[in-house]
Asker: 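Okay, handing you the structure first.
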Amino acid sequence: MSPKRTHHTPLPRLVVISAPSGAGKTTLSSMLLKEFPQLQRSVSTTTRPKRPNEVEGTHYHFVDDSTFQDKINQNLFAEWALVHGKRYGTTRATVDSLLARGKNPVFDIDVQGAMNLQALYGDRVLLIFIHPPSMEALKERLVQRKGDSAESIENRLNNAYSEIKWSQKYDYQIINDNLERAFQELKTIIQHECLEKEK
Ligand code: ADP
Ligand code: 5GP
């Protein structure tokens, strides 16, 4: 006979962090991952070119169009989407291996990916949206980051408006004006929604 479970242990939550490009989600999620070893980044696959500071396998798996298409054909993606004209996706293997190790996967993915993961994993998905303090600040951050062409920056700014409209579907919204304050808010959410409830 198997031992009786005395209390209910919920399954680990999947943490999705979305934001218009340049709002600071990479910065904030990196700070979060340093603070909580329980959280592990889900590394996406993309067809966009690598930025100078990026490392293959750490920031993304960088692939060409035909490799990405092969993965779609083999049904290897839990979700994928066309974002700013390039393809980005989360493989099932990435999610499964993090969950199998008892980790909380953290996804830096767009609104389409967030909705698709929620359709797959339901209430286990925690949706957090990061807002820039203003559109002017967003543009300034994109320019200062120096990773994208002028055309790509223009495209990212245009897309920001429609992404922000989706933010009402998210469980929590954070305004990233002061980085430390935004980080404190994010930590409080994670502590409350993931770490305490899963104990
Ligand atoms: P995202 O991942 O959302 O595209 P990043 O994390 O790359 O955005 O941030 C875009 C730029 O803005 C980076 O150069 C980053 O250092 C800067 N940044 C992030 N948060 C803040 C903040 N609160 N105040 C000022 N600059 C910020
Ligand atoms: P960037 O090119 O700035 O790294 O990312 C561009 C956008 O693609 C961001 O909004 C980011 O959240 C999104 N993105 C990154 N990886 C994935 C993914 O695996 N799936 C989806 N749907 N979006 C992703």
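Order of appearance sets the numbers: ligands from 1, and atoms from 1 within every ligand.
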Asker: Looking only at atom types and distance, does a side-chain atom of R181 sit under 3.5 Å from a main-chain N or O of I175, one as donor and one as acceptor?
Answerer: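 Yes.
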Asker: If you count heavy atoms of other groups shown closer than 6.0 angstrom to CG of L157, is the number above 12?
Answerer: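 It does: L157 CG has more than 12 such atoms within range.
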Asker: R156 heavy atoms, cut-off 4.0 Å: which ligand 2 atoms fall inside?
Answerer: 1 (P), 2 (O), 3 (O), 6 (C)
Asker: Could you check F68 against F77 for ring pair (Phe, Tyr, Trp, His ring centres under 6.0 Å), going step by step and ending with a plain yes or no?
Answerer: CA-CA 10 Å; F68 200 99; F77 287 113; 4.6 Å; yes
Asker: What do you reckon, does H84 have a nitrogen or oxygen under 3.5 Å from a nitrogen or oxygen of ligand 2?
Answerer: no
Asker: Write down, by chain and number, every protein residue that brings a non-hydrogen atom to less than 4.0 Å from an atom of ligand 1.
Answerer: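 Close residues (ligand 1, cut-off 4.0 Å): P20, S21, G22, A23, G24, K25, T26, T27, R141, R145, N176, D177, L179.
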Asker: Of all the atoms in ligand 2, which lie at a distance below 4.0 Å from a heavy atom belonging to R51?
Answerer: 1 (P), 2 (O), 3 (O)
Asker: Should we count NZ of K50 as having more than 12 external heavy atoms under 6.0 Å?
Answerer: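 Atom NZ in K50 is packed in, count exceeds 12.
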Asker: Among all the protein's non-hydrogen atoms, which is closest to atom 23 (N) of ligand 2, and how far away is it?
Answerer: D110 N, 3.2 Å
Asker: The criterion is salt bridge (Lys or Arg N to Asp or Glu O under 4.0 Å); which residues satisfy it with D110, sequence neighbours excluded?
Answerer: none
Asker: Between ligand 2 and G89, is the shortest N or O to N or O distance under 3.5 Å?
Answerer: yes
Asker: Can you find an N/O atom of W80 closer than 3.5 Å to an N/O atom of ligand 2?
Answerer: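 Checking ligand 2 against W80, no N or O pair falls under 3.5 Å apart.
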Asker: Should we count CG of N158 as having more than 12 external heavy atoms under 6.0 Å?
Answerer: yes
Asker: Does the N or O separation between E163 and ligand 2 drop below 3.5 Å for any pair?
Answerer: no
Asker: Answer yes or no: does an N/O atom from R48 fall short of 3.5 Å to an N/O atom of ligand 2?
Answerer: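 Indeed, backbone or side chain, R48 has an N or O that close.
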Asker: Is it the case that atom NZ in K71 sees more than 12 heavy atoms from other parts of the structure closer than 6.0 Å?
Answerer: no
Asker: Is it the case that the side chains of T67 and D64 hold a donor-acceptor pair, with the cut-off being a distance below 3.5 Å and no angle test?
Answerer: yes
Asker: Under a 4.5 Å cut-off applied to non-hydrogen side-chain atoms, are R145 and S21 in contact?
Answerer: yes
Asker: Tell me, which protein residue and heavy-atom name are nearest atom 9 (C) of ligand 2, and how many Å apart are they?
Answerer: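 Minimum-distance protein heavy atom for atom 9 (C) of ligand 2 reads K25 NZ, 3.8 Å.
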Asker: Quick one: does D108 get an N or O within less than 3.5 Å of an N or O on ligand 2?
Answerer: yes
Asker: N/O to N/O below 3.5 Å, does that happen between E54 and ligand 2?
Answerer: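 In this structure, E54 places no N or O atom under 3.5 Å from an N or O of ligand 2.
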Asker: If you count the atoms of ligand 2 from 1 in the order shown, which ones are under 4.0 Å from a heavy atom of A81?
Answerer: 22 (N)
Asker: Are there more than 12 heavy atoms of other residues, nucleotides or ligands under 6.0 Å from atom NZ of K103?
Answerer: yes
Asker: Any atoms of ligand 2 less than 4.0 Å from a non-hydrogen atom of G113? List them with their elements.
Answerer: 22 (N)
